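First up is the structure itself, then whatever we jot down about it.
Keep in mind it's a predicted model, so treat the numbers as computed, not measured.
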Amino acid sequence: RNVDSDTDDSDDESIDESDDELVPYDMDSDDDETLRSNDPRSITEARIASLPKPQTLRQCIGALRQNRSGDASTRKTDIDLADAAEGAVHSVAELVSNQPHELAAV
């Protein structure tokens, strides 16, 4: 029994030591106050603002025409493609109103 209790004590010491090495996460470090309030509108606006924005209608169409590969090794690329397509959807109305002459060229 003494051997078991000695082993338990050493395990407790190693647990205590590892707890001392942990650094607490600061929830307020780099978050926007509106994002922490879980306001769905602010979260959506921040998401849309972070998307890539095409500069021309031709770039919009190109982003919407891209196919995902379906390959697990290119997962990040697929996410980038989806973000580019979503950014194109959110940008197309502004591009058409600012550059209506480009519609004829596309």
Side-chain angles (χ1 to χ4, degrees):
R1 278 187 164 173
N2 288 341
V3 172
D4 288 341
S5 64
D6 289 341
T7 306
D8 290 341
D9 290 340
S10 65
D11 287 344
D12 289 341
E13 288 174 16
S14 66
I15 291 172
D16 291 339
E17 289 172 11
S18 65
D19 287 343
D20 292 338
E21 296 172 9
L22 297 176
V23 178
Y25 178 74
D26 182 9
M27 295 294 289
D28 300 326
S29 63
D30 58 351
D31 292 352
D32 182 13
E33 180 65 36
T34 57
L35 296 178
R36 283 184 272 122
S37 70
N38 291 325
D39 176 23
R41 183 176 178 162
S42 65
I43 292 171
T44 301
E45 289 171 356
R47 165 89 176 114
I48 292 170
S50 71
L51 294 171
K53 309 246 180 326
Q55 301 300 312
T56 65
L57 286 173
R58 191 173 302 278
Q59 289 175 349
C60 276
I61 292 170
L64 293 170
R65 285 185 175 167
Q66 295 180 22
N67 293 326
R68 290 193 244 164
S69 67
D71 184 3
S73 66
T74 60
R75 185 121 179 106
K76 184 178 186 311
T77 303
D78 288 346
I79 291 169
D80 291 340
L81 292 174
D83 285 349
E86 188 177 355
V89 168
H90 290 288
S91 299
V92 73
E94 182 180 345
L95 287 171
V96 168
S97 65
N98 291 341
Q99 303 171 10
H101 61 279
E102 193 178 348
L103 279 174
V106 177

Side-chain donor/acceptor pairs under 3.5 Å, residues 99-106, sequence neighbours excluded:
from	atom 1	to	atom 2	distance (Å)
Glu102	OE1	Leu57	N	3.4
Glu102	OE2	Leu57	N	3.0
Glu102	OE2	Arg58	N	3.3

Got a list of side-chain donor-acceptor pairs under 3.5 Å for residues 89-96, not counting sequence neighbours?
from	atom 1	to	atom 2	distance (Å)
Ser91	OG	Gly87	O	2.8

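The main-chain N or O of Gln55 is found under 3.5 Å from a side-chain atom of Gln59 such that the two form a donor-acceptor pair.
Under the rule for a side-chain contact (heavy atoms from CB on, under 4.5 Å), the partners of Ala85 that lie at least two apart in sequence or sit in another chain are Leu64. In this structure, the side-chain contact (heavy atoms from CB on, under 4.5 Å) partners of Arg65, at least two apart in sequence or on a different chain, are Ile61.
Taken from CZ in Arg47 to OG in Ser42, the straight-line distance is 14.5 Å, to the nearest 0.5 Å. Taking CD of Glu45 as the start and CD1 of Ile43 as the end, the distance is 10.5 Å to the nearest 0.5 Å.
Pro54 approaches Ala88 most closely through the heavy-atom pair CG-CA, 3.8 Å.
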